[in-house]
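Accompanying notes for the structure given below.
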Amino acid sequence: MTLCFGENKSERADIIVDFSSENRRINKNVFGISTNPTELERKWPPIKEAGFKFIEVNVLVDEKLISIVTENPQVLNRLPFVKIMDLHLQKIYEIGAEPMIWFLYQAKPIKNLEGLAAYTKYIVKHITEGFGDGGKWPVRFFRFGNEPDNPEYWKGTPEQFYEMFAVWSKTIKSMNPDFVVIGPGLVSICERGTEKILDCSKANKWTKNFLGYLEKHKRSLDIFTFHAYSPVIYDFFYRQPLTLYDELKKYPSLSTLYGIPKMGNDEWNVMVGDEWSGRYNEEFDTVSLAAHNIAALTAMIEGGVELSIRYGGTDSPGHDYVMVKKDYKNYKHVYYAFKGFNMLSSTPIKLGVKGSNFLNLTALAGKSENENEITIVISSFDISDYLNQYVFKVKKEDAFKKRLIEEHYNNALKILNIPAPITYNGYRLNIKNLGWKGSDKIEYKLFIVDEKTNFDLMKNEVIKGGNEVLLSENLTTPSVHVIRIKRLSKN
């Protein structure tokens, strides 16, 4: 049976940006993306053009590689994946981005933990000290772990993973205490409730035990990472980090760098792609997907996330989850939406914003260091239309998936105390407490991603300044609006 999700009638949203309210910085590591190691050249120009700042790079780990490298470390630079890694690092620094090295192990536990430590040292020395004809790159971020709470990706016990991670973490920190230890990349930190429905108001046992193990054995964790795949933004992208932070606060010295570990999501999207679902999912090519992704990333940042790797980058054309079309001929709507979102990297002082509901409307704002520029990103995501169009047309064997999404959708409505999402047809934007004079001239630019435009400049005006700026714009749903405000003169 196809379920139809209703919505309230269209109206204009009220969004308030407080220029005087600075709660923290927008970390440049949220402007991140995954890459396919087999694509070496064509992906880099669009990554640079879109302004991505944080790129994931793979390092392989298994018992055979550990044996080969520890017996003869000089073979390291002859390993194919090391050559690919070196090329990736060179390209990443050429485009002005920063890498995160991901130690990607097989699903089974590594028995030779001493060998794992030695292997890790050789890899890091190759990257940062030039060992084995490597570079001397200023790499700081190192990740270990990929859904060890998922039986498909971990065949051992939780305790075996805890021990592996602890050995790896100790090794990384022994080489440089300023290196950033990242992991474990859980499927979810949410507790499983009745009939496996996730309760994102509570942290699960796996999360608690992992943190407790590291605390007991005095091993550092600097950034705790999780994953998320869902069209329901509220629970998985907003409540999940809030709940995780409540748990991390119990460990005020677990990170040798930050005290309380920071939070990251190193794999996320609206759903898994064709390689896992077994079909090409057309929603990845839509504006709806673009609006979802920007709303999801906004929700995570508001929830405290400081590292983000969107799964699906500017490579592997032909797969549904990537941002490029086949043969690199044109880009999808989501690419242009991220190009707009990434403009926030130039205005990283995060401002207080009211108006987001983290279900179908979000807004994120930042100002520049000199306080003369503002970027505001607004996403209008029609979750009702998305669910009706894409989720409830899938095959009968996905009945549990349907029910899971429906439960989280209804839970979000209950928490927000609304009968159904509102489809907005415009917004009133109030930027207050600017401290600018009425005689100041202000440049106002509006970029839009929707069915008709792909990050087109729709308005470019000079308006009057003042302590408050009021703007009103129409919008279609789904869409992404990017607003740039710049003070041109000080009188």
Side-chain angles (χ1 to χ4, degrees), residues 27-59 81 84-102 104 139 141 143 146-147 182 185 225 227-229 237 264-277 280-281 283-287 289-294 296-297 300 305 307-345 449 454-455 480:
N27 196 309
K28 68 177 182 178
N29 295 339
V30 302
F31 306 104
I33 197 170
S34 65
T35 60
N36 184 336
T38 61
E39 169 55 61
L40 300 178
E41 294 294 337
R42 293 182 294 177
K43 65 188 172 189
W44 300 111
I47 286 177
K48 181 179 181 179
E49 182 183 346
F52 288 105
K53 304 296 183 184
F54 196 61
I55 316 294
E56 188 174 71
V57 180
N58 295 350
V59 167
F81 83 87
I84 292 173
M85 177 189 69
D86 289 342
L87 289 171
H88 274 65
L89 290 173
Q90 179 181 342
K91 291 291 187 180
I92 288 168
Y93 283 107
E94 282 179 359
I95 67 172
E98 186 159 15
M100 175 178 71
I101 304 298
W102 177 18
L104 184 58
V139 176
F141 297 91
R143 170 190 171 187
N146 180 44
E147 301 188 359
I182 302 167
T225 58
H227 297 169
Y229 287 93
F237 296 93
N265 186 333
D266 47 22
E267 185 184 316
W268 65 271
N269 211 313
V270 71
M271 63 172 292
V272 297
D274 58 315
E275 292 180 278
W276 298 270
S277 65
Y280 190 98
N281 301 279
E283 53 262 51
F284 281 107
D285 299 341
T286 66
V287 177
L289 182 279
H292 167 276
N293 277 194
I294 298 306
L297 183 50
M300 287 192 288
V305 165
L307 179 153
S308 167
I309 298 291
R310 190 262 188 192
Y311 193 80
T314 60
D315 47 25
S316 303
H319 289 299
D320 54 6
Y321 54 87
V322 301
M323 297 183 178
V324 294
K325 296 184 179 180
K326 289 184 178 181
D327 300 323
Y328 285 84
K329 293 180 180 178
N330 301 314
Y331 306 126
K332 298 180 182 181
H333 297 291
V334 67
Y335 173 82
Y336 296 101
F338 271 93
K339 184 177 181 180
F341 183 90
N342 292 344
M343 293 174 76
L344 282 161
S345 64
V449 178
N454 271 324
F455 196 56
V480 175

What heavy-atom pair brings [X] and [Y] nearest, and what distance separates the two atoms?
| X | Y | value |
| --- | --- | --- |
| Asp266 | Glu56 | O-OE2, 4.0 Å |
| Gly318 | Lys326 | CA-CG, 3.9 Å |
| Val324 | Lys332 | O-CE, 3.6 Å |
| Ser277 | Asn281 | OG-ND2, 3.0 Å |
| Pro45 | Arg42 | CD-O, 3.5 Å |
| Pro99 | Val139 | CG-CG2, 3.8 Å |

### Task
For side-chain contact (heavy atoms from CB on, under 4.5 Å), just list the numbers for Lys325 and Tyr331, CA-CA rounded to whole Å, side-chain angles, deciding distance to a tenth of an Å, and then say yes or no.
CA-CA 6 Å; Lys325 296 184 179 180; Tyr331 306 126; over 6 Å; no
How long is the span from the [atom1] atom in [X] to the [atom2] atom in [Y], to the nearest 0.5 Å?
| X | Y | atom1 | atom2 | result |
| --- | --- | --- | --- | --- |
| Phe31 | Phe341 | CZ | CZ | 5.5 Å |
| Asn342 | Phe52 | CG | CZ | 5.0 Å |
| Phe141 | Asn29 | CZ | CG | 4.0 Å |
| Ile33 | Ile55 | CD1 | CD1 | 6.5 Å |
| Ile92 | Thr35 | CD1 | OG1 | 6.5 Å |
| His333 | Ile294 | NE2 | CD1 | 13.5 Å |

### Task
Report the C-alpha separation of Asn58 and Phe81 in whole Å, then their side-chain angles, then the decisive distance to 0.1 Å, and conclude whether the side-chain contact (heavy atoms from CB on, under 4.5 Å) test is met.
CA-CA 8 Å; Asn58 295 350; Phe81 83 87; over 6 Å; no
Does some side-chain heavy atom of [Y] sit less than 4.5 Å from a side-chain heavy atom of [X]?
| X | Y | value |
| --- | --- | --- |
| Ile84 | Leu40 | yes |
| Trp102 | Ile182 | no |
| Val305 | Phe237 | no |
| Arg310 | Met323 | yes |

Within the side chain of [X], is there an N or O that forms a donor-acceptor pair under 3.5 Å with the backbone of [Y]?
| X | Y | value |
| --- | --- | --- |
| Asn454 | Tyr336 | no |
| Asp315 | Lys43 | no |
| Glu39 | Glu41 | yes |
| Ser34 | Gly312 | yes |

### Message
When you compare the side chains of His227 and Asn265, does any donor N or O come within less than 3.5 Å of an acceptor on the partner?
### Response
no
### Task
Show the numbers, then the answer: is there a side-chain contact (heavy atoms from CB on, under 4.5 Å) between Glu267 and Glu147?
CA-CA 10 Å; Glu267 185 184 316; Glu147 301 188 359; 3.8 Å; yes
### Task
Report the C-alpha distance between Met85 and Val59 in whole Å, list the side-chain angles of each, state the deciding distance to 0.1 Å, and finish with yes or no for side-chain contact (heavy atoms from CB on, under 4.5 Å).
CA-CA 7 Å; Met85 177 189 69; Val59 167; 3.4 Å; yes
### Query
When the ring planes of Tyr321 and Tyr311 are compared, do they come out parallel, tilted or perpendicular, using 30° and 60° as the limits?
tilted
### Query
Aromatic rings Phe338 and Trp268: how do their planes relate, parallel, tilted or perpendicular, breaks at 30° and 60°?
tilted
